[in-house]
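Only one structure is covered here, and it is reproduced in the block below.
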Amino acid sequence: MRVSDIYKTGGRSLSFEIFPPKKDSDLDNIDETLDVLCELKPDFISVTFGAGGSSNCNKTIKLAQKIKEKYKVEPVVHLTCLHYDRAEIDCFAHALKEAGVENVLALRGDHRDDIPMKNDFLYSSDLAKYLSEKYDFCVLGACYPECHPESDGMVDEIKHLKAKVNAGAEILISQLFFDNDAFFSFREKCEIADINVPILPGIMPVVKAAQIRRMVSMCNATFPERFQRIIDRYEDNKEALFDAGMSYALSQIIDLLVSDTAGIHLYTMNDPRIARRICEGIKNIV
Ligand code: FAD
């Protein structure tokens, strides 16, 4: 199923993001996580893709195939392009088709000093165009409510996003954010720019202290005072931080759901407790 079909009749989605385990041997053990995630009946599960090397991609594809065949849930496969040439992307595309994958999140990927850059696809829009035109995948793209870290500002960001949609991205999934107003303001700018595809807000419940430090260095997300107070208070109290982080994420999600969002994309970090707690918290909310 093409995930874009969900929104054609006004439906909205609940989706989870997972990553393939580092060790090949752990691919079998991820079943426990998948058992819980799939029981919660998400509309799709997206599987991340590590930069560089075909073994990374093979793991992603294997996991996506398992999600589709064993769990009967639609997978979305992330694919980056900065470090791959056209022949390599063709190879991945054929493997995806063979695995029955119909949906791809087309990404540029981050610049890496340790992996040589190839010049066939410089931006995600190049990949989006290639995958939608040559392979007829349902293509999704990433977006950044608080700007991509390399961006020259929101005007450029929106221009490039519009190019990505024109190149074939039918759905956008956002970078995580903790301030819903940043998302609402971004969505309004997209509307003004005539970007009319579904934009799924990406929510990551912050439940571990180490995760907070990583978040700060990795993305542009602002920490609202209300959220900062939770961190200051509970950073050293594992259980309290889990509860408070989950409650904060739930309040974000409910606010988004009552504000006409096309769905919720949950960064699960492969922790089934997170998905279960969120689903429990919104089970009667339509
Ligand atoms: P692009 O859309 O190409 O944008 C990158 C930058 O270039 C932006 O600043 C944009 O404004 C600018 N730009 C775009 N087009 C042009 C142009 N024509 N001229 C000049 N500037 C331009 N990374 C992984 O390695 N694996 C994953 O699985 C993964 N999953 C992700 C999932 C989501 C939902 C998100 C939000 C990010 C994910 N990432 C992943 C991270 C992503 O690869 C990085 O953020 C990367 O730096 C940018 O990727 P992009 O596809 O957004 O790039």
Side-chain angles (χ1 to χ4, degrees), residues 3 13 15-22 44-54 56-61 63-64 75-84 89 92 96 101 103-115 117-131 139-169 171-177 182-183 186 189-190 193 195 197-204 214-215 217-221 262-270:
V3 298
S13 58
S15 52
F16 299 144
E17 181 169 311
I18 61 168
F19 52 86
K22 281 209 176 76
F44 66 88
I45 294 182
S46 81
V47 189
T48 66
F49 177 81
S54 61
N56 277 317
C57 188
N58 293 340
K59 264 194 222 167
T60 298
I61 296 177
L63 189 51
V76 169
V77 164
H78 298 205
L79 185 58
T80 65
C81 61
L82 202 55
H83 303 102
Y84 298 105
I89 294 292
F92 294 147
L96 288 168
V101 172
N103 307 285
V104 179
L105 175 57
L107 296 153
R108 186 200 68 177
D110 286 321
H111 287 281
R112 296 255 311 246
D113 294 336
D114 55 333
I115 308 174
M117 203 183 121
K118 308 277 172 73
N119 292 316
D120 285 347
F121 304 94
L122 293 181
Y123 297 105
S124 64
S125 47
D126 302 329
L127 183 64
K129 189 170 164 53
Y130 192 68
L131 293 177
V139 173
L140 298 85
C143 64
Y144 302 82
E146 297 179 85
C147 277
H148 184 270
E150 291 164 33
S151 172
D152 284 334
M154 195 47 96
V155 172
D156 275 356
E157 192 73 12
I158 296 282
K159 269 191 208 158
H160 298 146
L161 193 59
K162 173 109 177 137
K164 190 176 335 197
V165 170
N166 288 345
I171 299 146
L172 298 171
I173 302 184
S174 93
Q175 178 61 288
L176 60 91
F177 58 88
F183 178 81
F186 169 74
K189 290 183 184 96
C190 289
I195 295 173
V197 298
I199 304 177
L200 307 180
I203 297 296
M204 179 182 278
R214 221 175 31 247
M215 289 304 89
S217 65
M218 211 186 74
C219 64
N220 269 350
I264 297 292
H265 186 69
L266 191 67
Y267 294 102
T268 67
M269 294 156 289
N270 290 10

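Counting convention: from 1, in listed order, for ligands and their atoms alike.
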Would you call Leu105 a ligand 1 contact, heavy-atom distance under 4.0 Å?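 Contact present.
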
Please determine whether any non-hydrogen atom of Tyr144 lies less than 4.0 Å from an atom of ligand 1.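 It does, in that a heavy atom of Tyr144 comes within the 4.0 Å cut-off of ligand 1.
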
Check this for me: does any side-chain nitrogen of one of Arg108 and Glu150 sit under 4.0 Å from a carboxylate oxygen of the other?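 A salt bridge is present here (some side-chain N lies under 4.0 Å from a carboxylate O).
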
Those residues that, when tested against Gln175, pass side chain to side chain donor-acceptor pair (under 3.5 Å) (two or more places apart):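 Here no residue qualifies.
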
Just to verify, what does Thr268 make a side chain to side chain donor-acceptor pair (under 3.5 Å) with, not counting sequence neighbours?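 Once residues adjacent in sequence are excluded, Thr268 has no partner under the side chain to side chain donor-acceptor pair (under 3.5 Å) criterion.
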
Consider every N or O of [X] and every N or O of ligand 1, then say whether any pair is closer than 3.5 Å.
{"X": "Arg108", "result": "yes"}
{"X": "Lys164", "result": "yes"}
{"X": "Ser125", "result": "no"}
{"X": "His148", "result": "yes"}

Does ligand 1 have a heavy atom under 4.0 Å from the side chain of Thr48, from its backbone, from both, or from neither?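 Both of them.
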
Can you tell which part of Phe121 has a heavy atom less than 4.0 Å from ligand 1: side chain, backbone, both or neither?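 For Phe121, there is no contact with ligand 1 at all, from either part.
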
Between Phe121 and Tyr130, is the ring centre distance below 6.0 Å?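 So the answer is yes for these two rings.
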
